[in-house]
Amino acid sequence: MMKIFTKIAIVALSLGMTTAFVSCNDDDLAPTPESAATVTLQLVSATPEAAEISITTSAAQEAAYYRTTEMDYMASGEFIMQNGVQITPNSTVSLKFDYLENMTDYRVLVAAKDASGIYNVSTLDVHTPDYPTSMAIQVDSLAYSLIKASFTPDANTVSFMVGIGDEGSTAEQFLNGDLTSKTIEGNEPATITFTGLDPETNYTIYAVSYNNEGPGCEVQTTVAKTLIAPNVQIDVQCENAVVANCTITPNEQCMAYSAVVMSKELFSEFLAMFGNDVVVMLEELTSYGMTIVGNTADPFPAELNGSCSYDYYLGVLLFDLAGESYDVILHEFSSPDFVEGAPEANVEINVYDITESSARVTYTMDANTVGYYQSIYSALDYQELVTYGGEEYIFQYTAFYGYMMTTDDDYVWDGFDSNTEYVAVGCPFNVNGIDGYGVLATKEFTTLPGGSTTSANKNAHNFVQKRPAPVKLTKAIWKKEQIEAFKK
């Protein structure tokens, strides 16, 4: 009788699952009359390699069970009694079946015979699950818009799913596919980067590993919070119509910034050149060297157009720690209103140490002067400008093409032609900028005779004598001519 049970295969089992399917079908194989014996079958537990059941009989003279893997198998009470395993009748018997095969269905048939010799036959179907799985989650790194996490399944895993949701999301949503998720075949560890996240936000990371029958473990979760976004603090001090002192302080997520001061009047025109994409616009201006690029809170002065009550943007392009463009901040500010009765500005020009190709030129401001535009022209060029538009045009031309200074200047200009007349020009202004010009200052001088000429030092696009750029302030974009120049 025991030979029947030794024929059950003992198999090395693989990937597991902690669920079991049980069905119980009580059939009385005896047609009539009905047996007085009762049989109650219950599954206690099922694992990939074992199952435990309980059998309760009453009003029985004899009882036995028979186990098979044929799920549609039925047998008579007499067959079970003769070929099965006898158990104590009228009691509850616990049976544990070891060395089972995972993911396999078994049927247990129990026969109980009453005093009249009539059998009651009942069946219990048992399913052994696949092996359970496990999953570990580790958050590797955080940024303002992404979370990088590693997922490590165990050897029993055949695939696994990972995902992310906001703080109010649930494991049920994850399993239903309602969250951002990804399924990975196999059981090799994987590192996943979740992108497009909001800064300073809590997110729940989910993971579940599957065996051959479905989820092999509970959904694993961990909570991670994204970092603050790249940002800057902007401070603009504009005490007059000509210079704005700007300070940009980046936070720890901002690797660098690129800034430009631009009048609102021309902002929309300039933006249209770049498809109304302000990030692309500032990226292009940065590549052309038309911006201030920095990564620390170093103040810089920006030259304005000199008009009172004029509206500007300080546009700041932010770069994240990966060096990628993140966003643009547009800081609005205006030059001060016109100050009635502001004292007149004056600047004094003197020329020393004249040689055949150089001269030391000094500009000295008085107490009422905020700054001045300076340039040196040949006498012929200067006269041409005066003939074209008079003294007023000298102011306009020097303001646009010359150099704006806010301190006294003592500089040796070189590259002059020998034996040539020149005019040093200063256009002083008070707090009202170009609405507060003082008296035009000029100083004529002639270089010494000599055999060489150095006219190449004159700007190729205008009449202004060149000098090193560092003495010139960052010029705001406020004239249409600047747009046209950029287009060229």
Side-chain angles (χ1 to χ4, degrees), residues 240-243 263 265-266 269 302-310 335 338 342-351 359 361-366 368-406 409 411 413 415-417 420-447 455 457-467 469 471-488:
N240 56 65
V242 181
V243 176
S263 73
E265 183 181 10
L266 292 184
E269 289 186 43
E303 177 186 351
L304 308 180
N305 71 352
S307 297
C308 295
S309 305
Y310 208 84
S335 56
F338 185 83
E344 184 178 70
N346 289 280
V347 64
E348 179 183 350
I349 306 174
N350 286 289
V351 181
V361 183
T362 64
Y363 288 77
T364 306
M365 303 187 302
D366 68 6
N368 302 323
T369 302
V370 170
Y372 55 94
Y373 297 103
Q374 68 168 206
S375 183
I376 297 178
Y377 305 100
S378 70
L380 292 177
D381 290 341
Y382 180 79
Q383 188 56 48
E384 182 177 339
L385 295 174
V386 172
T387 301
Y388 178 80
E391 185 176 284
E392 181 180 354
Y393 189 64
I394 296 294
F395 278 97
Q396 296 174 358
Y397 195 91
T398 306
F400 188 78
Y401 289 111
Y403 300 90
M404 203 275 282
M405 309 293 291
T406 57
D409 189 38
Y411 181 72
W413 298 68
F416 294 132
D417 292 338
T420 302
E421 295 179 353
Y422 286 91
V423 179
V425 172
C427 306
F429 49 82
N430 59 20
V431 293
N432 293 321
I434 62 175
D435 297 324
Y437 275 133
V439 177
L440 178 67
T442 61
K443 187 70 173 181
E444 299 178 359
F445 64 95
T446 303
T447 54
S455 58
N457 197 49
K458 190 171 72 173
N459 197 303
H461 303 291
N462 53 61
F463 295 149
V464 173
Q465 196 75 15
K466 290 191 294 186
R467 67 174 292 179
V471 302
K472 185 177 180 180
L473 301 181
T474 301
K475 184 182 284 291
I477 298 175
W478 49 268
K479 283 192 176 183
K480 289 187 178 181
E481 290 90 334
Q482 290 169 288
I483 293 181
E484 297 303 321
F486 181 81
K487 289 179 180 178
K488 294 177 182 178

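Residues: numbered from 1 along the sequence shown.
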S.K.: For Gln383, look at atom CD and say whether over 12 heavy atoms of other residues, nucleotides or ligands are found less than 6.0 Å away.
M.R.: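 More than 12 heavy atoms, drawn from other residues, nucleotides or ligands, come within 6.0 Å of this atom.
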S.K.: Run the numbers on Phe445 and Phe416 for ring pair (Phe, Tyr, Trp, His ring centres under 6.0 Å), then give the verdict.
M.R.: CA-CA 11 Å; Phe445 64 95; Phe416 294 132; 5.6 Å; yes
S.K.: To the nearest 0.5 Å, what is the distance between CG (Asn346) and CG (Asn430)?
M.R.: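 These two atoms lie 10.0 Å from each other.
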S.K.: Apply side chain to side chain contact (heavy atoms under 4.5 Å, CB included) to the pair Val361 and Lys443, showing each step before the final yes or no.
M.R.: CA-CA 9 Å; Val361 183; Lys443 187 70 173 181; over 6 Å; no
S.K.: How close do Ala241 and Cys308 get, counting heavy atoms only, and between which atoms?
M.R.: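 Of all heavy-atom pairs spanning Ala241 and Cys308, the closest is CB-N, 4.0 Å.
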S.K.: Just verifying a value: how many Å separate Tyr411 OH and Gln374 CD, rounded to the nearest 0.5 Å?
M.R.: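 Output value for this atom pair is 9.5 Å.
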S.K.: Indicate whether the side chain of Tyr377 and that of Glu384 have a donor and an acceptor atom separated by less than 3.5 Å.
M.R.: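 Side-chain D/A pair, Tyr377 to Glu384: absent.
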S.K.: Does Phe429 reach the side chain of Val370, with side-chain heavy atoms less than 4.5 Å apart?
M.R.: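 They are in side-chain contact.
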S.K.: Glu269 and Glu265: which non-hydrogen atoms are nearest, and at how many Å?
M.R.: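 Distance-wise, the nearest heavy atoms are OE2-O, 4.3 Å.
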S.K.: Sub-3.5 Å donor-acceptor pair from the side chain of Thr447 to the main-chain atoms of Thr420, do we have one?
M.R.: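 Yes; judged by distance alone, with no hydrogens or angles, the pair exists.
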S.K.: Ser263 versus Tyr310: any side-chain heavy-atom pair under 4.5 Å?
M.R.: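 With C-beta onward as the side chain, the pair touches.
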S.K.: Within the structure provided, determine whether Asn240 and Ser335 are in side-chain contact (heavy-atom separation under 4.5 Å).
M.R.: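 No, too far: nothing below the 4.5 Å cut-off.
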S.K.: List the atom of Phe395, the atom of Val439, and the distance in Å for their closest heavy-atom pair.
M.R.: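 Looks like CZ-C, 4.4 Å.
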S.K.: Tell me whether Asn350 contacts the main-chain N or O of Thr362 through its side chain, where contact means a donor paired with an acceptor under 3.5 Å.
M.R.: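 Not confirmed, Asn350 side chain does not pair with Thr362 backbone.
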S.K.: Establish, yes or no, whether a centroid distance under 6.0 Å links the rings of Phe400 and Tyr373.
M.R.: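 Judged by ring-centre distance (under 6.0 Å), Phe400 and Tyr373 do not meet the cut-off.
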S.K.: Do Ile434 and Asn305 come within less than 4.5 Å of each other through their side chains, counting heavy atoms only?
M.R.: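 SC-SC contact between Ile434 and Asn305 ruled out.
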S.K.: Is any side-chain heavy atom of Ile394 less than 4.5 Å from a side-chain heavy atom of Val386?
M.R.: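 Ile394 vs Val386: side chains touch.
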S.K.: Measure the OH-CG distance between Tyr401 and Leu385 for me, rounded to the nearest 0.5 Å.
M.R.: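 Rounded to the nearest 0.5 Å, the OH-CG separation comes out at 10.5 Å.
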S.K.: How close do Val347 and Met365 get, counting heavy atoms only, and between which atoms?
M.R.: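 It is CG2-N, 4.2 Å.
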S.K.: Looking only at heavy atoms, what is the nearest atom pair of Cys427 and Leu440, with distance?
M.R.: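 Minimum heavy-atom separation between Cys427 and Leu440: SG-CD1, 3.6 Å.
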S.K.: Hey, what do you get for OH (Tyr403) to CD1 (Ile376), rounding to the nearest 0.5 Å?
M.R.: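 Tyr403 atom OH to Ile376 atom CD1 measures 10.0 Å (nearest 0.5 Å).
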S.K.: Taking all non-hydrogen atoms of both residues into account, name the closest pair between Pro428 and Thr369 and its distance.
M.R.: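 Closest approach of Pro428 to Thr369, heavy atoms only: CB-CG2, 4.2 Å.
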S.K.: Roughly how far, to the nearest 0.5 Å, is the CZ atom of Phe338 from the OG atom of Ser309?
M.R.: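 Separation between the atoms: 10.0 Å.
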S.K.: Just verifying a value: how many Å separate Leu380 CG and Tyr422 OH, rounded to the nearest 0.5 Å?
M.R.: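 Reported to 0.5 Å precision, the distance equals 9.5 Å.
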S.K.: Does CD belonging to Glu444 count more than 12 external heavy atoms closer than 6.0 Å?
M.R.: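 Counting neighbours around CD of Glu444, 12 or fewer heavy atoms of other residues, nucleotides or ligands fall under 6.0 Å, so no.
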S.K.: Quick one, Tyr372 with Asp409, criterion side chain to side chain contact (heavy atoms under 4.5 Å, CB included). Give me CA distance, side-chain angles, the key distance, then yes/no.
M.R.: CA-CA 10 Å; Tyr372 55 94; Asp409 189 38; 3.2 Å; yes
